[in-house]
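Structure first, commentary second.
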Protein chains: 2
Amino acid sequence: MTDMPSSRRNGRSPPAAVDGAGRIADELGSAIVAGLYQPHELVPGELALCRRFGASRTVVREAFKLLSAKGLIASRKRSGTRARPREAWHMLDADVLAWRLRNGQAEPKFLFDLLHVRAVVEPAAAAMAARSHTPETLKSIEAAFAEMERAAHDPVLFADPDIRFHKAILAATDNDVMVAFGALTEAALGVFVRAASRHAGAPAPSVPLHRAVLAAIQRRDAEGAHAAMMALLSRTARNVERNVGPAPGRNKGRDNGPSRRGSRRSAKPSK
Amino acid sequence: MTDMPSSRRNGRSPPAAVDGAGRIADELGSAIVAGLYQPHELVPGELALCRRFGASRTVVREAFKLLSAKGLIASRKRSGTRARPREAWHMLDADVLAWRLRNGQAEPKFLFDLLHVRAVVEPAAAAMAARSHTPETLKSIEAAFAEMERAAHDPVLFADPDIRFHKAILAATDNDVMVAFGALTEAALGVFVRAASRHAGAPAPSVPLHRAVLAAIQRRDAEGAHAAMMALLSRTARNVERNVGPAPGRNKGRDNGPSRRGSRRSAKPSK
DNA sequence: CTTGGACGATATGTCAGACATAATAACGCG
DNA sequence: CGCGTTATTATGTCTGACATATCGTCCAAG
């Protein structure tokens with residue numbers, strides 16, 4: 001996707017490894033988001049990594065540039081290269097998301113953070129799509145849904161059209177910035193379906209919920225699309241809770257986020 | 001911010017130019033998002049850029065890695081390096097946003113796309129902040145607001161605390177992914193206040209709207225915070241419309257997005 | 001005339017070694 | 001003991017070379 005490690009297209013995680021710089025960035029980036037390096041200060045130096053990866057300094061430095069462009073590291077002349085604090089990471093970048101979700105079991109807190117953001121963005125996107133879709137963009141949503149129906153029995157076959165469905169809705173908003181959330185949705189769905197395929201059975205139950213979203217969009221019902229998408233995400237939230245335990249609150253205690261309750265309301269007032 | 005060009009902190013745009021790779025990435029990236037290169041195919045080759053910037057191939061290649069990490073270009077062996085289509089750009093990256101907004105007059109459509117996304121994300125963030133804020137995070141919101149009041153007479157002094165106010169709210173959500181929207185908010189506010197300082201007068205009128213957001217957060221009123229933030233953004237939308245003309249619809253016609261109407265409703269059901 | 005394979009040209013990918021630069025750490029002097 | 005000077009060290013930049021994957025071209029066979 002970026003020319004980089006994230007060339008892992010759908011659910012497949014292991015392949016990765018493209019060119020030298022991508023490989024190194026993949027491994028180092030993964031380690032950083034996993035918390036192997038304290039908020040500030042000092043990842044291994046360039047020449048240390050040269051030895052460790054059997055690569056030239058050129059390649060290591062290119063890997064550093066890839067990571068620095070994603071907010072994971074920063075270099076200064078004599079002090080060396082340091083891992084940046086979490087709030088500097090480009091959390092909406094496809095690779096950062098993938099790295100953070102790939103680590104054995106990503107921290108549950110992060111899974112819920114993702115869900116909460118999806119619960120904000122995707123219903124709004126569905127509403128916008130209901131208002132703005134064209135014959136072409138609508139067709140790609142319908143095509144993805146049709147394939148979901150066909151794969152309703154198999155959790156792994158289901159993942160790909162599911163992702164396409166949600167991305168097609170984002171594309172139908174006719175909003176460049178909304179489209180960029182595809183990375184988030186793709187990453188999140190990747191984990192969720194992986195988890196679902198381990199625990200739950202066939203994804204068939206979610207088909208009617210998707211159908212409701214599509215139907216609302218087809219009839220240009222923005223409020224309905226918003227509500228239907230919210231319902232769909234609430235189901236996902238319940239599944240995740242079943243699998244990784246209940247949602248963690250702030251430092252402990254309070255709770256917020258998407259869960260039951262449909263809650264109908266449009267994303268934004270139409271002028 | 002990324003170690004890269006975007007070290008332009010607040011509103012100042014020109015400085016930029018840090019290290020060689022950053023400088024080249026800045027210029028090339030800016031050109032790409034400005035549409036100087038057709039959706040696919042062929043930015044200048046490495047050695048051509050070497051001549052053009054008086055730099056070595058090493059540095060040019062590092063610049064390429066910076067840009068490829070942001071989804072702007074992709075290289076293949078013999079064919080050369082090509083500009084990627086808009087839908088591949090990491091539109092939520094601080095640098096990409098800055099480049100896209102810096103070009104003389106950014107396309108109005110993009111300004112409204114940004115506004116629509118802010119109208120989805122920030123009210124929800126305000127609601128989450130109302131639920132999740134701690135003494136520390138609340139204090140940083142209050143501090144930013146206090147400074148806004150003090151600078152209420154000067155559009156340019158106003159910009160910095162304004163940005164801090166919105167980012168502090170995102171931080172108070174206690175949601176890693178929400179925090180990442182700070183780049184979007186910062187970029188958008190940068191342009192809006194720049195535009196406002198040209199056309200409108202003092203930013204004083206927006207102070208009460210900000211105060212309403214703060215007050216709702218203080219009393220942990222999620223719905224109120226949502227509504228207040230939406231009202232604030234609606235005002236911004238009106239200002240932008242006044243300055244750059246009315247919101248463009250799809251390929252022409254339809255309209256969607258934030259505008260008048262307060263519309264009160266919370267970002268998400270509280271379990 | 002079309003089809004297929006061989007071959008050369010070309011742009012990116014990788015490497016090794018050198019020097020420049022800045023910031024830190026160590027040293028030594030007053 | 002404080003402070004300026006010097007050494008050290010990791011990143012930044014440059015150079016020139018070779019490796020590798022394609023894309024175009026051309027020629028020969030069908």
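All figures in this text were calculated on a predicted structure; none of them were measured in a lab. Lettering follows sequence order; numbering is per chain, from 1.
- The side chain of B/Ser75 lies closest to C/dG13 when the candidates are C/dT14, C/dG13, D/dT15.
- The A/Arg57 side chain lies nearest to D/dG12 when the options are D/dG12, C/dT12, C/dT14.
- If A/Ser79 and A/Gly54 are placed on DNA chain C by their nearest nucleotide, the residue sitting closer to the 5' end is A/Gly54.
- Here the C1' atom of nucleotide D/dT22 and the CG atom of B/Leu42 are 13 Å apart, to the nearest Å.
- Using bins of under 30°, 30° to 60° and over 60° for the plane-to-plane angle, the ring pair B/Phe165/B/Phe145 lands in the tilted bin.
- Per the geometry, CZ belonging to A/Phe53 stands 16 Å off C1' belonging to C/dT14, to the nearest Å.
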Next on the checklist: The test is salt bridge (Lys or Arg N to Asp or Glu O under 4.0 Å); show your working for A/Asp176 and B/Lys109 and say whether it passes.
Outcome noted: CA-CA 9 Å; A/Asp176 282 359; B/Lys109 168 73 161 64; 5.3 Å; no
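- As a whole-Å value, the separation of A/Glu62 CD from C/dT12 C1' is 10 Å.
- Taking atom CD1 on B/Ile73 and atom C1' on C/dT12, their separation rounds to 12 Å, with Å as the unit.
- Summarising the geometry, the separation between CD on A/Glu46 and C1' on C/dG17 is reported as 15 Å, rounded to the nearest angstrom.
- Candidate nucleotides C/dT14, D/dC23, D/dC14 were compared by shortest atom distance to the side chain of B/Val59, and D/dC14 ranks first.
- What separates CZ of B/Arg76 from C1' of C/dT10 is a distance of 14 Å, to the nearest Å.
- A salt bridge does not link A/Asp19 to A/Arg23: none of the charged side-chain nitrogens sits closer than 4.0 Å to a carboxylate oxygen.
- In this structure, of D/dT13, C/dG13, C/dT21, it is C/dG13 that holds the atom nearest to the side chain of B/Lys77.
- Between A/Asp19 atom CG and C/dT12 atom C1' there is a gap of 11 Å when expressed in whole angstrom units.
- Ion pairing between A/Lys70 and B/Asp93 fails under the 4.0 Å rule for side-chain N and carboxylate O.
- For A/Leu47 and D/dG12, the CG to C1' distance is 14 Å, given to the nearest whole Å.
- In this model, no side-chain donor or acceptor of B/Arg78 finds a partner on the base of D/dT20 within 3.5 Å.
- Residues B/Arg102 and B/Asp26 are paired through a salt bridge, judged by an N-O separation under 4.0 Å between the basic side chain and the carboxylate.
- Of all nucleotides listed (D/dT11, D/dT8, C/dG13), D/dT11 comes nearest to the side chain of A/Thr81.
- B/Arg61 comes within 4.0 angstrom of a nucleotide base, judged by non-hydrogen atoms across all strands.
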